[in-house]
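So you know, we letter chains A, B, ... as the sequences are listed, proteins then strands, and number each from 1.
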There are 2 protein chains.
Amino acid sequence: MWHTDLMSEKVTATNLRARVRAEMTDEIKTVARRHLATDGANLSLRAVARDLGMASSAVYRYFASRDELLTALIIDAYNAVGDEAERAVAEQETPLGMWLAAGHAAREWALANPHEWALIYGSPVPGYAAPRDTVEPATRFMLLLGATLAKANVTGGIADRPPLTGRFAEELAAIAGAYFPELTARIIADTIAAFFQICGAISFELFGQLNNTIEDDRRGFFDYQLRSAARLAGLTE
Amino acid sequence: MWHTDLMSEKVTATNLRARVRAEMTDEIKTVARRHLATDGANLSLRAVARDLGMASSAVYRYFASRDELLTALIIDAYNAVGDEAERAVAEQETPLGMWLAAGHAAREWALANPHEWALIYGSPVPGYAAPRDTVEPATRFMLLLGATLAKANVTGGIADRPPLTGRFAEELAAIAGAYFPELTARIIADTIAAFFQICGAISFELFGQLNNTIEDDRRGFFDYQLRSAARLAGLTE
DNA sequence: GCCACAACGAGAGCACTGCTCTTGCATTTT
DNA sequence: AAAATGCAAGAGCAGTGCTCTCGTTGTGGC
């Protein structure tokens, strides 16, 4: 993201160079996203450069490596699904409505951008270590689910359950104390479980790994999955 | 698997060629699995050949393409986790014990063979379409969970719940009628949900995508995940 | 036992990849 | 105006999957 620094560093009258740089990086990412849809994570940097009518070496002025390009796409993807989910949630009133809206928004985004979903929620690219910049966007969707439960919890919309036991419960309690005062360790654990289930439901449908058991009413099936995830997380009503 | 056919086709006295072929394919797969641990899904066929001291072109006598090699590894991986889970389940008496044993066995296999787990439960390799031979081994683990619930259901170990509604319910009911007479559509749907959650729990822990929230007691956390999955599937006791 | 045949290993080669380095040009800064 | 910097292009390197050809070797039919 250092081109952002470059832009804000010195805002001269024209600042042509910084502007075309920003446009160029965006254009590269757009074309790369298009290639992502056909070639998946092993897209060719040279092919992207060809599509842009430039030499492959020129791309390296904008992204130091192919991995860095992928990182930019990953961050954008995390933010895209986060945006979609937040937008959908904002239209809802009840916690359950927010929960369902977030889930369906994520699924629909995944169906529209399967390879980008695979990029962020599939197996990591070999030899690729996610940089620091990705962790914040990566947590947005899950935090949205947590926020929904937090809202439900203050209005008594979450079932009372016995607290957790075990060493991991203390770790979760520490997290709850530091970041989510409205939530208990138990609710956090169940939220994570629900998050796993939702992501699994989307991924398995997307990657066709459930052998096309459900063919006609996939949305209905996912809706049921969402509701059982809500039940798992303790969302009543 | 056609080298198996070759072996059983004509068992002459010596049959040297078929034997060394079988040994060679196994050896290639072994080395490839080793490379998988470092390079992931984009392992180099040439590097595998180098490790074996043979020309890269010679490998193509055994696997028509790199994808075919990966397919063989995928099938083996599915069967390995299936074997492990079945072995662990066989030692248990109660449905819940079987459930927990299957889950922990899968997780431990995944921790021991992370890249193979990524190969089968991560995002599919781009441009790679899973062949017919993979679907049967792929279903083994999930069928094991289903069988556990079936055993529980006949002894009244599954909570009574309202039946499903919606179009997808009919699809599931048809599957239940054809393959799982002991199960209801509702139980199948909940089993799938639990399966999603378990696979998600393993994958996210493996790929480090939950930002190392839980550090110390990962097994305990997974055990809790397993139990909430069981609750989700309706397993009482 | 011999011989045609099929399987096999090796090597060269093709088109492609990510990435680096150098060279010349355009733009910005001093 | 001059120096410094940003940028695009091209050549080049090491590596890839895969194909083809060419000797060699084990195998089944006669």
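Side-chain N or O atoms of B:D223 include none that pairs as donor or acceptor with a backbone N or O of B:R219 at under 3.5 Å. One N or O on the side chain of B:E171 and one on the backbone of A:D217 form a donor-acceptor pair closer than 3.5 Å.
If you measure from atom CD of B:E23 to atom P of C:dC8, you get 13 Å, rounded to the nearest angstrom. The nearest whole Å value for the distance from the CD atom in B:E68 to the P atom in D:dT19 is 11 Å. One atom, CZ of B:R17, and another, C1' of D:dG26, lie 4 Å apart when rounded to the nearest Å. Rounded to an integer number of Å, the gap from B:Y60 OH to C:dG11 P is 17 Å. In this structure, B:D39 places its CG atom 10 Å from P of D:dG17, rounding to the nearest Å. Between B:L69 atom CG and D:dT16 atom P the separation is 14 Å, expressed in whole Å. Whole-Å rounding puts the A:R61 CZ to C:dT27 C1' distance at 14 Å. Atom CZ of A:R21 is separated from atom P of D:dG6 by 9 Å (rounded to the nearest Å).
Of all heavy-atom pairs between B:I202 and B:G103, the closest is CD1-O, 4.5 Å.
Pairs engaging residues 68-91 of chain B under the ring-ring contact (aromatic ring centres under 6.0 Å, His included) rule: B:Y78-B:Y121 [sequence neighbours left out].
Paired with B:V31 under the rule side-chain contact (heavy atoms from CB on, under 4.5 Å), one option of B:V59, B:D51, B:L43 passes, and it is B:D51.
If you check every strand for non-hydrogen atoms under 4.0 Å, A:L52 touches nothing.
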Steps toward side-chain contact (heavy atoms from CB on, under 4.5 Å) verdict (A:F221, B:R167)
CA-CA 9 Å; A:F221 181 65; B:R167 265 191 299 138; over 6 Å; no
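Side-chain nitrogen and oxygen atoms of A:Y62 include at least one within less than 4.0 Å of the OP1 or OP2 phosphate oxygen of D:dA8.
When the nucleotides C:dA10, D:dC7, C:dC21 are ranked by their closest atom to the side chain of A:S57, C:dC21 comes out on top. For A:A47, counting side-chain heavy atoms from C-beta on, the closest listed nucleotide (C:dA10, C:dT17, D:dG17) is C:dT17. Closest approach to the B:R66 side chain among D:dC18, C:dC19, D:dC22 is made by D:dC18 (side chain taken as heavy atoms from C-beta onward).
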Measure all distances between protein nitrogen or oxygen atoms and nitrogen or oxygen atoms of nucleotides 13-16 of chain C, and list the pairs falling under 3.5 Å.
unit_1, atom_1, unit_2, atom_2, d
C:dG13, O6, B:R46, NH2, 3.3

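Annotation: A:F196 is not in aromatic contact with B:F196 [ring centroid separation under 6.0 Å not met].
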